[in-house]
Amino acid sequence: FLAGGREQGAGSENRGFLNAASSRDMNQARHLLPDRETLFAHLKPHGQHHLLRFWDELDEAGRVRLHQQIREIDLAHLNSLFRGAHESQDWAALARRATPPPAMRLAERLQGGGRFSAAEARARGELALAAGEVGVLLVAGGQGSRLGFEHPKGLFPIGPVSGASLLQIHLEKARAVAQRYGAPMPVYIMTSPVTHDEQVAFLAANDRFGCDVDDIVLFCQGTMPAVDAETGKLLLAEKDALFLSPNGHGGTVAAPADG
């Protein structure tokens, strides 16, 4: 079950299952490291005992790493997500239970009808901006591979004349709004394990494009273990490490708190 074939994430809309262990966590795990039989008994009911296939070949550090990753997974929840992905939904029944969200017809808004007018909405927005109640969230975890750009997508020079990157354009817009309304405009940037360091270095090298250091918050997207699409079994990237995938846009909610 080393990774290399088909795999699927267990569901990006759900909470992340796994975070990188800190050195403190690793030290704690070393003291609490169970024997193979204890881990086997933990994994067997969920059909994930294959993760211990290489246990006898691992040194202590490798066993600590694998144990740390396993103990942070809610195996029962993982299995329920996999089963749910393969169970058919009664979409008609779900549709009958659904209620429409509040909405305003464009014609009503232009005519000043509805719950509020366009002018009232703009005025309320400007009050919020002046009070420093508005921020920006950028989801910037992806690579630019499909653009033929082997770096974080936010670094791609998309400006046809200026050559400005996506990050530069967004940050300069946020800075301009902050200056216009005389209030901070914090920008929260969600990166991923493969793009975080390069984006941190890029922002530092460009002095955050004029934004105050306190107004830029970078946090790393969570990861979750990948499973075999046919069996739901967890995949190994190495003999002592699970194969991890970013947990998708759904991880945006939990990532700031986890970071």
Side-chain angles (χ1 to χ4, degrees), residues 7-19 73-74 76-143 146-147 153-154 158 166-167 169-171 173-174 176-178 180-181 183-192 195 215 217-227 229 232 245-259:
E7 75 269 351
Q8 71 176 35
S12 64
E13 72 280 8
N14 296 284
R15 69 178 185 270
F17 287 87
L18 203 57
N19 293 314
I73 301 173
D74 185 336
H77 189 52
L78 181 70
N79 287 342
S80 71
L81 290 174
F82 177 76
R83 290 195 304 271
H86 289 266
E87 293 174 354
S88 60
Q89 294 281 354
D90 187 344
W91 299 111
L94 291 174
R96 287 193 294 271
R97 294 203 305 268
T99 57
M104 175 186 291
R105 295 184 181 278
L106 180 60
E108 292 177 349
R109 190 188 71 175
L110 295 176
Q111 295 168 6
R115 292 174 298 157
F116 50 83
S117 67
E120 290 170 333
R122 178 176 291 276
R124 180 63 186 89
E126 291 181 336
L127 285 174
L129 287 166
E133 297 173 347
V134 180
V136 177
L137 173 63
L138 300 179
V139 178
Q143 291 278 64
R146 285 179 291 182
L147 301 172
K153 195 179 300 180
I158 196 171
L166 282 166
L167 275 179
I169 291 171
H170 286 308
L171 292 179
K173 285 166 61 178
V177 171
R180 177 178 178 181
Y181 290 97
M185 171 67 73
V187 180
Y188 299 87
I189 305 174
M190 186 175 79
T191 64
S192 68
T195 67
D215 289 337
V217 180
L218 283 88
F219 58 96
C220 197
Q221 180 178 12
T223 57
M224 57 196 309
V227 300
S245 298
N247 63 2
H249 288 185
T252 307
V253 177
D258 291 340

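Note that the structure is predicted; figures quoted are calculated from it, not measured.
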As an exercise, state the distance from [atom1] of [X] to [atom2] of [Y], rounded to the nearest 0.5 Å.
{"X": "Leu167", "Y": "Lys153", "atom1": "CG", "atom2": "NZ", "answer": "12.0 Å"}
{"X": "Asn247", "Y": "Thr252", "atom1": "CG", "atom2": "OG1", "answer": "8.0 Å"}
{"X": "His170", "Y": "Leu137", "atom1": "NE2", "atom2": "CG", "answer": "11.0 Å"}
{"X": "Gln221", "Y": "Thr191", "atom1": "CD", "atom2": "OG1", "answer": "8.0 Å"}
{"X": "Arg180", "Y": "Met185", "atom1": "CZ", "atom2": "CE", "answer": "11.0 Å"}
{"X": "Leu218", "Y": "Ile189", "atom1": "CG", "atom2": "CD1", "answer": "4.5 Å"}

Are there over 12 heavy-atom neighbours, none belonging to Leu138, within less than 6.0 Å of that residue's CG?
yes
Nearest non-hydrogen partners of [X] and [Y], listed with the distance:
{"X": "Thr195", "Y": "Gly141", "answer": "CG2-O, 3.3 Å"}
{"X": "Cys220", "Y": "Ser192", "answer": "SG-C, 3.4 Å"}
{"X": "Ala178", "Y": "Pro184", "answer": "CB-C, 4.4 Å"}
{"X": "Ser245", "Y": "Ala226", "answer": "OG-CB, 3.8 Å"}

Pairing residues for Val217 by the side-chain contact (heavy atoms from CB on, under 4.5 Å) criterion, not counting sequence neighbours
Tyr188
